[in-house]
Each structure stands twice: as C-alpha cells, then as structure tokens.
Amino acid sequence: MTRRVCAIILEDGRVQDFEFVGSEPSLEELQQAVGGFIELVPTPTLPGHIMVVDEEGLLKGRPLNQKATLIAFRNIVGPAVVLPNDLLR
C-alpha cells in the first residue's frame, strides 16, 4: 500500500507530518490524530484543502491553536490535520 503524508498543526504551532496508509486517511487515523470525534472546518486561506479538528476540543479545555486559527478564520483548539479536499469522501 502507498504511504501518504499531509500536515498536522500542533497546539504549540509546530507542523508535523501526518502519515497514513492507502488512498485516504481512515476515520480512526483522523480521530487519533486530533484526539476525539472529528469536525471538518473550511480553510479559506488554503483553497482546495480542509481542516480536521476535535469536535469536542472546547469542552475538553484544549488550548487555542493560533496557527490553525489563522488558516480557518475561526478559533481552533487542539491539533488540526490539514489535507486536500480530494482525500475525504
């Protein structure tokens, strides 16, 4: 199987590789990366991409992710996976 790489923006602003196997990341891989149930967030500053975040991040008291917030034009807490739209069906 092919290994693919996208980006995950951590709460402290560091950007790391988000690797997955196959043509698209699995729900489980995305949930593990963000630490919970996923929510899809548009990325106005990155056309053709989508951001995946923890749907319950605020309830869990996750810290503000400033870098992801700038990309999404809304407050994002916790880690955020950024990937091309065509990887999610």
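Only heavy atoms go into these numbers, but all of them, side chains included; no hydrogens, no water, no symmetry mates. For the single chain, residues carry numbers from 1 onward in sequence order.
For Asp17, the side-chain hydrogen bond (donor to acceptor under 3.5 Å, both in side chains) test picks out no residue, with sequence neighbours left out. Under the side-chain hydrogen bond (donor to acceptor under 3.5 Å, both in side chains) criterion, Asp54 pairs with Lys60, sequence neighbours left out. Residues satisfying the side-chain hydrogen bond (donor to acceptor under 3.5 Å, both in side chains) criterion with Gln16, sequence neighbours excluded, are absent altogether. The salt bridge (charged side-chain N to carboxylate O under 4.0 Å, His left out) test applied to Glu56 returns no partner, not counting sequence neighbours. Here Glu29 pairs with nothing under the salt bridge (charged side-chain N to carboxylate O under 4.0 Å, His left out) rule; sequence neighbours left out.
Put simply, the side chain of Leu83 reaches to within 4.5 Å of the side chain of Leu30, judged on heavy atoms. Inter-residue side-chain proximity for Leu88 and Val52 is flagged as met; some heavy-atom pair is nearer than 4.5 Å. Residues Phe18 and Val82 fail the side-chain proximity criterion, which asks for heavy atoms closer than 4.5 Å.
Residues Ile50 and Leu27 share a single hydrophobic cluster, defined by chaining ILVMFWY side chains whose heavy atoms lie under 4.5 Å apart. Ile9 and Leu58 end up in different hydrophobic clusters when Ile, Leu, Val, Met, Phe, Trp and Tyr side chains are linked at under 4.5 Å. Linking Ile, Leu, Val, Met, Phe, Trp and Tyr whenever their side-chain heavy atoms come within less than 4.5 Å leaves Val81 and Leu46 in two separate clusters.
How far CD1 of Ile38 is from CE of Met51: 13.5 Å, rounded to the nearest 0.5 Å. For the atom pair CD (Gln66) and CD1 (Ile71), the distance works out to 12.5 Å, reported to the nearest 0.5 Å.
The stretch residues 31-49 participates, sequence neighbours left out, in these side-chain hydrogen bond (donor to acceptor under 3.5 Å, both in side chains) pairs: Glu39-Arg74.
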